[in-house]
Amino acid sequence: MDNVINPLMAARFLGVFDSDAAKKGITLSLGFDFREYVTITKATQTKGPTYPNFRPDRSPIQLGNGFWVKGVDRNNETALLQAVRLYNLNTSFAEHLRSLRAFYENVSLHASSRDTCTCLAPSAESMTGKVAYHGDLWVRRDFRGKGIPKIMAGIVFGVSYSLWDPDFVCALVPRWLLDKGVVEQYEYLHYERGGAILHLFEEGILDDDWIIWITREELRSRIERHETAE
C-alpha cells in the first residue's frame, strides 16, 4: 500500500492552492496540449521565449507526459504560466542534459554544432527513473511579491504526484532567484550549483543555472503533512 497514490489526499492538497489563487484574483487552469501552450506563450508579450523542451516542434511531449498551468486575472488576461514534463530516464538526469536530449528529441537534426550543456551538480548524476522537470515560469509584474510562487509550486507538486508519483521533481534556476529566496517560496528542499551551463546558440539561450529538487519521499511527505495540518 505504500506505493499507492491517494487521489483524495492529492485533490484536497490541490484545492487549497486553487483557493489561495482565487483569493488573489487568479483563476487557474490546467492544459496538456503543448501546441496550445506555445500559442499562449507567444501571445504573452512580456514573457521570454519558451525553451525547446516545452515546444512540440523541438521536443514533442506525449499526452500524459506533461502539463502546463495558466492563471488569468479578473479580466481574463494571462497572469502566470508554468510547465512540467516527465522524463522517463534509464540514464541520469545529468547525462540527459549533457546529451541535449532534455531539449531536443532529435539532437542531430535540431541542435547546432556549437550547442553544449555542462552539468556539474553531483546529485544530478543520481537522478534517474521518473524525473518531473518544472520550468518556463512566468508571473506578470503586478502579481509579483504576492506569494504566487508558493501557489505555483503547490499546483506542480500536487499534479505531478497525482499523475506520476515521480522519483524526483526538479528545476533549473539562475543564482539570482536563489538570492531572492524564490526557491524557499517554492519549497524545494535541495539545491546545487552547476545544474546546467547551457549554450543553445540558435535559440539565443546562454544560462548558468543551479539545480533544485525534492525526492518522491519528500513530495509525499509534504502532501501528507499538509493534510494532517488541515
CG-CG distance between Leu97 and Leu172, expressed to the nearest 0.5 angstrom: 6.0 Å

Are Leu89 and Leu219 connected in the hydrophobic side-chain network, where two residues link if heavy atoms are under 4.5 Å apart? no

Assess whether atom OH of Tyr104 is packed by more than 12 heavy atoms of other residues, nucleotides or ligands within 6.0 Å. yes

Set out, in order, the CA-CA distance, both residues' side-chain angles and the distance that settles salt bridge (Lys or Arg N to Asp or Glu O under 4.0 Å) for Asp20 and Lys150, then state yes or no. CA-CA 10 Å; Asp20 287 346; Lys150 185 174 182 178; over 6 Å; no

Could you see if Leu81 belongs to whatever hydrophobic cluster contains Val159? Use Ile, Leu, Val, Met, Phe, Trp, Tyr and a side-chain cutoff under 4.5 Å. no

Test your reading of the model: is there a side-chain donor-acceptor pair from Lys24 to the backbone of Lys146, 3.5 Å cut-off? yes

Heavy-atom closest pair, residues Ala121 and Arg193: CB-O, 3.5 Å

So, applying side-chain contact (heavy atoms from CB on, under 4.5 Å) with Phe54, which one of Thr41, Asp136, Val38 is it? Asp136

Using a 3.5 Å distance criterion without hydrogens, assess whether the side chain of Trp164 forms a donor-acceptor pair with backbone atoms of Gly64. yes

Going by an N to O cut-off under 4.0 Å, is there a salt bridge joining Arg220 and Glu217? no

Donor-acceptor check, side chain of Thr39 to backbone of Arg35, threshold 3.5 angstrom: yes or no? yes

Is there side-chain contact between Leu177 and Ile212, with at least one heavy-atom pair below 4.5 Å? no

In the single-linkage hydrophobic clustering (I, L, V, M, F, W, Y; side-chain heavy atoms under 4.5 Å), do Phe17 and Leu163 co-cluster? yes

Over all heavy atoms of both residues, which pair between Ile223 and Phe157 is shortest? Give the atoms and the distance, please. CD1-O, 4.2 Å

Verify the distance criterion only: is there a donor paired with an acceptor across the side chains of His134 and Tyr186 at less than 3.5 Å? no

Between Glu95 and Ser92, do the side chains contain an N or O donor and an N or O acceptor separated by less than 3.5 Å? no

Under a 4.5 Å side-chain heavy-atom rule over Ile, Leu, Val, Met, Phe, Trp and Tyr, are Ile40 and Leu28 clustered together? no

Could you tell me how the ring of Tyr87 sits relative to the ring of Tyr133: parallel (under 30°), tilted (30 to 60°) or perpendicular (over 60°)? tilted

Any idea which heavy atoms bring Ala124 and Cys119 closest together, and the distance? CB-SG, 3.6 Å

Under 3.5 Å donor-acceptor, Gln82 side chain and Met152 backbone: yes

What pair of heavy atoms forms the shortest contact from Pro166 to Ser160, and how long is it? CD-O, 3.4 Å

Residue pair Val173, Tyr188: steps toward the side chain to side chain contact (heavy atoms under 4.5 Å, CB included) verdict: CA-CA 12 Å; Val173 299; Tyr188 280 92; over 6 Å; no

When you group the ILVMFWY residues by side-chain heavy-atom contacts below 4.5 Å and let the links chain together, are Val139 and Val69 in the same group? yes

Between Thr128 and Asn90, does the side chain to side chain contact (heavy atoms under 4.5 Å, CB included) criterion hold? Intermediate values first, please. CA-CA 6 Å; Thr128 189; Asn90 294 319; 5.8 Å; no

Determine whether Glu36 and Lys70 satisfy the following criterion, salt bridge (Lys or Arg N to Asp or Glu O under 4.0 Å), listing intermediate values before the conclusion. CA-CA 11 Å; Glu36 181 183 357; Lys70 177 184 176 181; over 6 Å; no

Please determine if Arg216 and Asp167 form a salt bridge, counting it only when a charged side-chain N lies under 4.0 Å from a carboxylate O. yes

When you check the side-chain N and O atoms of Thr91 and Arg101, is any donor under 3.5 Å from an acceptor? no

Nearest heavy-atom approach of Asp18 to Ile155 is N-CD1, 4.2 Å

Under a 4.0 Å N-O cut-off, is there an ion pair linking Arg58 with Glu202? no

Below 4.5 Å, heavy atoms only, C-beta onward: do Met9 and Phe13 meet side chain to side chain? no

Does the side chain to side chain contact (heavy atoms under 4.5 Å, CB included) test come out yes or no for Ile197 and Leu120, once each step is laid out? CA-CA 9 Å; Ile197 303 169; Leu120 303 174; 4.2 Å; yes

Classify the ring geometry between His199 and Phe201 as parallel (under 30°), tilted (30 to 60°) or perpendicular (over 60°). perpendicular

State, to 0.1 Å, how close Ala111 and Leu100 come at their nearest heavy-atom pair, and which atoms those are. CB-CD1, 4.1 Å

